[in-house]
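Letters go in sequence order (proteins before strands), and every chain restarts at 1. What you see below is based on every heavy atom in this structure, not just the backbone, and it leaves out hydrogens, waters and symmetry mates.
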Amino acid sequence: MTIDRESLRVRYDEIVPKLEDVCDDLLDWLEALTQSLGILDPRIEGRVKEPHSLILKAWRREIEGRPWDDPLVEATDKVGVRADVVYLADVPRLRSGIESAEDVVEVIDIDDKMETALGTDKLGYHGVHFDVIPVRLPDGLPREMALCEIQIRTNAQAAWAMATHDLTYKPPMDPGRRVLRRVNRLTALLECFDEDVGRTREEMMGRDGYAVAIVVGALEATRMRFPMTSFDRGLTRDVVTSLIDEEDSQEAHELARELETFAEENSAKLRELFSKVDYGHPMLGQPEALLIFMRLDSAPHALRQAWIENEFPYSILDDLAAEWGATLPTPN
Amino acid sequence: MVSIDVGQIAVSRLIAHRVPRGSTDDTRQPRLTDAVPDLPPETLDFFARRLKRSLGENGQDVEVDERLEAPQMPQLIMEYLGSGPSDLVAASQRAAGILFDVQGASRWEEESLFITCDVSLSGRAALAVMKLEEESGVEWQEAETEEGETVLMVSVNEQLVLTENTRVFKSALFSMDDGSLAGLISDDQQGRPTRVADYFMRRFLGCRHRRSPATTTQAFYKAVQQFISTDVTDQDEKFELEYALKSELSSNRNRIAPQQFISDYVREERQDLMLRRLQEADVPTTRFPKDVSRLGSARKTTRLKTTSGITIAGNIDEVADRVRSGVDDDGTPVIIIRDQLTSGS
């Protein structure tokens with residue numbers, strides 16, 4: 001059967017706006033999922049396949065003798081979203097998160113290249129690809145046309161894929177043995193790189209003071225966006241040490257992300273408060289004031305307990321609470 | 001919920017007038033000033049901090065009382081907030097005049113300082129008023145005698161008006177919210193919050209509570225009850241909290257301080273959860289006036305249910321005093337009631 005290009009384009013154009021909604025929903029969900037899993041700095045992107053790409057792909061399959069009956073149903077990547085993560089260990093965590101999100105997507109197929117195509121004796125691209133159908137679809141988009149693809153890979157795998165895509169995947173000409181061998185050598189390096197990055201990270205996270213350093217770093221970076229003065233870094237470390245779990249590096253990374261969001265959401269209020277840094281409360285100059293303000297919103301009683309247990313002057317917390325517009329009970 | 005985030009308060013300018021109580025012979029009049037003083041940012045920030053603390057801890061949500069006939073202050077404030085660059089001097093002078101009129105006459109010469117503040121809430125225009133009573137304060141300064149001895153010189157400043165613990169201090173803050181006036185009012189008397197004086201809230205500012213104290217007290221009661229039934233699983237803890245709630249409601253205190261209640265009676269690991277539950281139930285977390293009129297006798301009685309379906313009901317104090325639960329030597333749960341049966345059916 002020969003593809004009717006015009007009819008395919010018209011039919012595809014009709015569902016593209018709905019596919020764009022699906023793509024946006026999947027991106028939002030993946031953002032939230034990676035955040036809830038505490039995955040550091042994921043790069044999440046997605047697209048709806050261009051009409052001409054779909055038509056070309058349909059033609060190619062015809063030429064290869066594997067024609068689609070209906071490209072709108074059989075093309076699995078009309079919507080493609082991708083999460084590139086920093087650490088190899090995050091790939092299986094995210095895979096498992098996607099598999100268990102039955103209320104969001106129905107997983108039709110999983111292709112884990114390491115498990116399937118490569119095994120133990122081959123080298124090559126080893127991302128994880130899912131074919132999924134979102135549980136909630138826009139009105140008017142038939143379920144059979146809503147097959148989407150989700151890819152998970154590391155940044156290193158992404159870099160390798162980008163660099164070698166034109167050479168080895170659908171190349172205009174046979175790359176030849178020498179080029180393929182060179183690509184394979186790179187692939188071996190890629191595996192070593194990802195594993196060593198993971199091991200290095202684990203070692204770093206296991207070191208004393210790592211969690212505190214992460215939070216102090218995030219506080220300083222965030223605080224610098226607002227009017228600033230010199231501050232006492234030792235005091236910052238002491239306060240942070242008393243307010244977070246020093247052993248939990250994962251929580252520290254999550255906290256760093258929460259600080260980012262908090263500073264964005266309260267930007268005008270923080271700017272106003274920190275503009276008084278020269279004559280206002282001395283703690284306004286300290287980066288940890290951000291953490292205190294955040295906790296006054298999210299967990300004021302836990303903050304108060306930690307403050308009292310560490311025998312910090314209660315008046316400082318009380319003054320900062322008043323500045324933030326929060327109410328604290330009087331100390332017992 | 002408080003619709004104004006007091007943490008955003010920034011005072012950009014202010015003006016003060018002296019407003020006495022009127023006299024029967026009309027000899028007393030407000031002493032009005034004519035210009036906005038040029039104040040350093042530290043001074044403006046001091047007033048902002050006092051407003052934040054007072055309204056943050058004791059602020060009560062208010063709205064314009066539509067039942068009043070043409071209340072002057074809401075009209076004045078809405079004009080001020082809605083008219084672009086505003087004449088703070090003229091607005092504050094009119095407000096001082098309204099305050100003078102509603103305070104009524106007194107045989108005593110009482111004078112208060114009435115301050116109007118131009119406020120920004122992260123860029124949103126707002127207006128605050130403060131009424132302060134003058135008081136005396138002690139100042140000290142280290143000095144040296146002719147003999148070279150160090151002494152602490154003490155002097156009395158008779159004209160202190162606003163300190164961290166000012167004796168009588170009423171304040172209000174207003175901003176436009178979806179086309180209508182939203183406000184917070186607080187009344188601190190000698191450092192203790194109190195019910196906002198009627199002349200200040202209703203007759204001067206033309207406002208009433210957004211939710212009546214009776215409704216708010218009932219909402220607090222229901223939210224705590226809900227928390228006890230859904231978030232607390234330990235039976236002893238349930239009873240302790242129930243007892244604390246009913247004691248709070250039966251006490252002579254005329255205010256409820258939710259944060260203090262949580263801190264005093266809820267176990268540490270659940271304190272922030274209960275705070276969230278109150279917020280979800282739209283119960284203020286600042287102090288609010290207590291009014292138990294809608295609770296009937298519920299606040300004085302309690303009902304305990306056992307796993308076998310027996311109910312123990314009675315006055316909360318009697319139950320707390322006479323009922324004990326525990327386990328006997330072989331681990332069987334026991335409930336002991338120290339009392340005498342008087343009837344049965």
Side-chain angles (χ1 to χ4, degrees), chain A residues 226-227 229 243 245 258 262-285 289-290 292-310 314-332, chain B residues 2 4-12 39-46 48-59 119-124 164 173 184 186 191-193 257-276 278-279 284-288:
Chain A
F226 302 100
T229 183
L243 296 184
D245 181 351
E258 284 168 23
F262 175 78
E264 267 175 36
E265 287 175 352
N266 295 280
S267 158
K269 185 175 174 182
L270 289 168
R271 186 162 297 284
E272 183 67 47
L273 277 173
F274 291 143
S275 69
K276 304 189 300 188
V277 72
D278 291 329
Y279 56 85
H281 197 287
M283 280 295 281
L284 288 177
L290 273 169
I292 293 167
F293 290 150
M294 192 170 88
R295 290 274 166 90
L296 280 168
D297 272 0
S298 62
H301 287 272
L303 168 68
R304 177 175 170 274
Q305 284 303 331
W307 200 267
I308 292 169
E309 277 165 25
N310 282 277
Y314 194 76
S315 59
I316 292 178
L317 182 62
D318 194 44
D319 288 346
L320 287 178
E323 282 283 12
W324 190 244
T327 320
L328 281 179
T330 50
N332 294 323
Chain B
V2 176
I4 294 175
D5 177 359
V6 296
Q8 295 177 333
I9 292 175
V11 174
S12 53
L39 297 172
E42 300 91 301
T43 306
L44 295 171
D45 185 49
F46 175 76
R49 282 189 283 118
R50 282 301 273 126
L51 277 171
K52 282 180 180 191
R53 191 175 278 280
S54 181
L55 294 169
E57 291 177 358
N58 308 311
V119 170
S120 164
L121 299 169
S122 290
R124 187 158 58 117
E164 294 294 345
L173 174 72
L184 284 174
S186 81
R192 285 190 317 229
Q259 293 277 32
Q260 198 65 48
F261 179 84
I262 292 171
S263 169
D264 290 346
Y265 303 115
V266 179
R267 294 192 185 172
E268 274 176 34
E269 63 273 23
R270 269 183 276 284
Q271 290 182 344
D272 284 315
L273 177 62
M274 179 164 163
L275 183 63
R276 274 203 299 282
L278 292 182
Q279 289 164 338
T285 52
T286 52
R287 298 183 185 107
F288 60 85

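- In this structure, no portion of A/N266 lies under 4.5 Å from any heavy atom of chain B.
- Only the side chain of A/K276 comes within less than 4.5 Å of a heavy atom of chain B; its backbone N, CA, C and O stay farther away.
- No part of A/S275 comes within reach of chain B, as not one of its non-hydrogen atoms sits under 4.5 angstrom from that chain.
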Check your understanding: Passes side chain to side chain contact (heavy atoms under 4.5 Å, CB included), A/D319 versus B/R53? Steps please.
Key -> CA-CA 9 Å; A/D319 288 346; B/R53 191 175 278 280; 2.9 Å; yes
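- Closest approach of B/S263 and A/H301 over heavy atoms only: N-CE1, 4.0 Å.
- Most heavy-atom pairs under 4.5 Å with chain A, from the set B/A257, B/P258, B/P41: that is B/P41.
- Between A/Y279 and B/D45, the shortest heavy-atom contact is CE1-CB, 3.7 Å.
- When heavy atoms are compared at a cutoff of 4.5 Å, A/D278 does not approach chain B at all.
- When each of B/S122, B/G56, B/G123 is scored by its heavy-atom pairs under 4.5 Å with chain A, the top score falls to B/S122.
- Heavy atoms of A/L273 lying under 4.5 Å from chain B belong exclusively to its side chain.
- Within residues 268-275 of chain B, the residues having any heavy atom less than 4.5 Å from a heavy atom of chain A are, in residue-number order, B/E268, B/Q271, B/D272, B/L275.
- Closest approach of B/A10 and A/E272 over heavy atoms only: CB-OE2, 3.2 Å.
- B/K52 places a side-chain N or O within 3.5 Å of a backbone atom of A/E323 that can act as its donor or acceptor partner.
- The backbone N or O of B/E57 sits nowhere less than 3.5 Å from a side-chain atom of A/T327 that would complete a donor-acceptor pair.
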